[in-house]
Amino acid sequence: MKTILLILGPNGVGKSTAAQVLAGRLPHAALVDSDWCRAMHPYHMETVIDNIYALLKNYLKCPVIETVISPYGFHGDRKKRFDAVINKLRQDMIEFKIYTVILTCSREEILLRAQADQRSAEQISRGMDITYHYYDSFDDPKIDTTGLSVTQTAEMILALLMGR
């Protein structure tokens with residue numbers, strides 16, 4: 001059965017970067033980054049849902065793809081959006097399983113990463129306030145990426161995925 005590898009974590013932890021590296025290392029994989037699906041002005045929620053749905057559906061139906069990697073954040077209304085996409089895929093009788101990994105790191109490191117990404121002080125503050133502790137109560141496997149390179153993080157995700 002095909003897998004959606006959902007990579008969750010707070011803003012700035014390195015979800016997208018790790019997913020990009022992982023997509024190059026995992027055979028028969030595709031990458032759907034929700035950031036791409038939200039890149040519009042003005043913002044239109046229904047289009048975001050349709051974009052994520054279309055990409056996931058097309059990759060899940062592709063005969064050479066086994067795993068779709070998707071870095072995502074559940075804070076705010078994003079969990080509702082993700083659930084709407086998943087429900088739509090299931091209504092269309094597309095079979096898949098979801099495997100979730102949560103990336104974490106120290107506050108100090110996440111601040112450094114966010115600054116290196118040239119995020120504004122407002123973006124950094126909002127991200128820390130809203131998302132830093134958001135995933136603490138989740139039961140999914142967690143990887144503390146503090147001090148890890150992107151390659152090491154991707155290898156740890158791959159090891160978890162293969163060992164499940």
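Heavy atoms only: backbone and side chains are in, while hydrogens, waters and symmetry mates are out.
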[X] to [Y] - nearest heavy-atom pair and separation:
{"X": "R119", "Y": "Q123", "answer": "CA-OE1, 3.3 Å"}
{"X": "I69", "Y": "A29", "answer": "CD1-CB, 4.1 Å"}
{"X": "V32", "Y": "P71", "answer": "O-CD, 3.5 Å"}

The single option from Q152, R113, E109 passing side-chain hydrogen bond (donor to acceptor under 3.5 Å, both in side chains) against T145: R113
Are [X] and [Y] in one and the same hydrophobic cluster, where Ile, Leu, Val, Met, Phe, Trp and Tyr link if side-chain heavy atoms are under 4.5 Å apart?
{"X": "Y59", "Y": "I49", "value": "yes"}
{"X": "M45", "Y": "Y53", "value": "yes"}
{"X": "L111", "Y": "V150", "value": "no"}
{"X": "L103", "Y": "L112", "value": "no"}
{"X": "I98", "Y": "L60", "value": "yes"}

Separation between [atom1] of [X] and [atom2] of [Y], rounded to the nearest 0.5 Å:
{"X": "I157", "Y": "L5", "atom1": "CD1", "atom2": "CG", "value": "6.5 Å"}
{"X": "S16", "Y": "L31", "atom1": "OG", "atom2": "CG", "value": "7.5 Å"}
{"X": "T131", "Y": "R78", "atom1": "OG1", "atom2": "CZ", "value": "9.0 Å"}
{"X": "N11", "Y": "I130", "atom1": "CG", "atom2": "CD1", "value": "8.0 Å"}
{"X": "K57", "Y": "I94", "atom1": "NZ", "atom2": "CD1", "value": "6.5 Å"}
{"X": "D140", "Y": "L160", "atom1": "CG", "atom2": "CG", "value": "11.0 Å"}

Do the charged groups of D83 and K79 touch, with an N to O distance under 4.0 Å? yes
Check K88 with D92, please: is the shortest side-chain N to carboxylate O separation under 4.0 Å? no
Between [X] (side chain only) and [Y] (backbone N and O only), is there a donor and an acceptor less than 3.5 Å apart?
{"X": "T153", "Y": "S149", "answer": "yes"}
{"X": "Y132", "Y": "R107", "answer": "yes"}
{"X": "K97", "Y": "T3", "answer": "no"}
{"X": "D144", "Y": "T146", "answer": "yes"}
{"X": "K15", "Y": "D33", "answer": "no"}

Any non-hydrogen side-chain atom of [X] less than 4.5 Å from a side-chain atom of [Y]?
{"X": "I102", "Y": "P141", "answer": "no"}
{"X": "T100", "Y": "L8", "answer": "yes"}
{"X": "P10", "Y": "Y134", "answer": "no"}

Does K2 make a cation-pi contact with F96, if we ask for NZ or CZ under 6.0 Å from the ring centre and within 45° of the axis? no
Please list, chain by chain and in numerical order, all residues satisfying ring-ring contact (aromatic ring centres under 6.0 Å, His included) with F82, sequence neighbours excluded. Y72, F74
So which of L55, D50, V48 actually passes side chain to side chain contact (heavy atoms under 4.5 Å, CB included) with I52? V48
Assess the residue pair Y99 and I4 against the criterion (side chain to side chain contact (heavy atoms under 4.5 Å, CB included)); give the C-alpha distance rounded to whole Å, side-chain angles, the decisive distance to 0.1 Å, and a yes or no. CA-CA 6 Å; Y99 184 75; I4 296 174; over 6 Å; no
Evaluate whether atom CG of D77 has more than 12 neighbouring non-hydrogen atoms of other residues, nucleotides or ligands under 6.0 angstrom away. yes
For residues 17-28, which side-chain N or O atoms pair as donor and acceptor with protein atoms under 3.5 Å away, sequence neighbours left out?
unit_1	atom_1	unit_2	atom_2	d
R25	NH1	E155	OE2	2.3
H28	ND1	V64	O	3.0

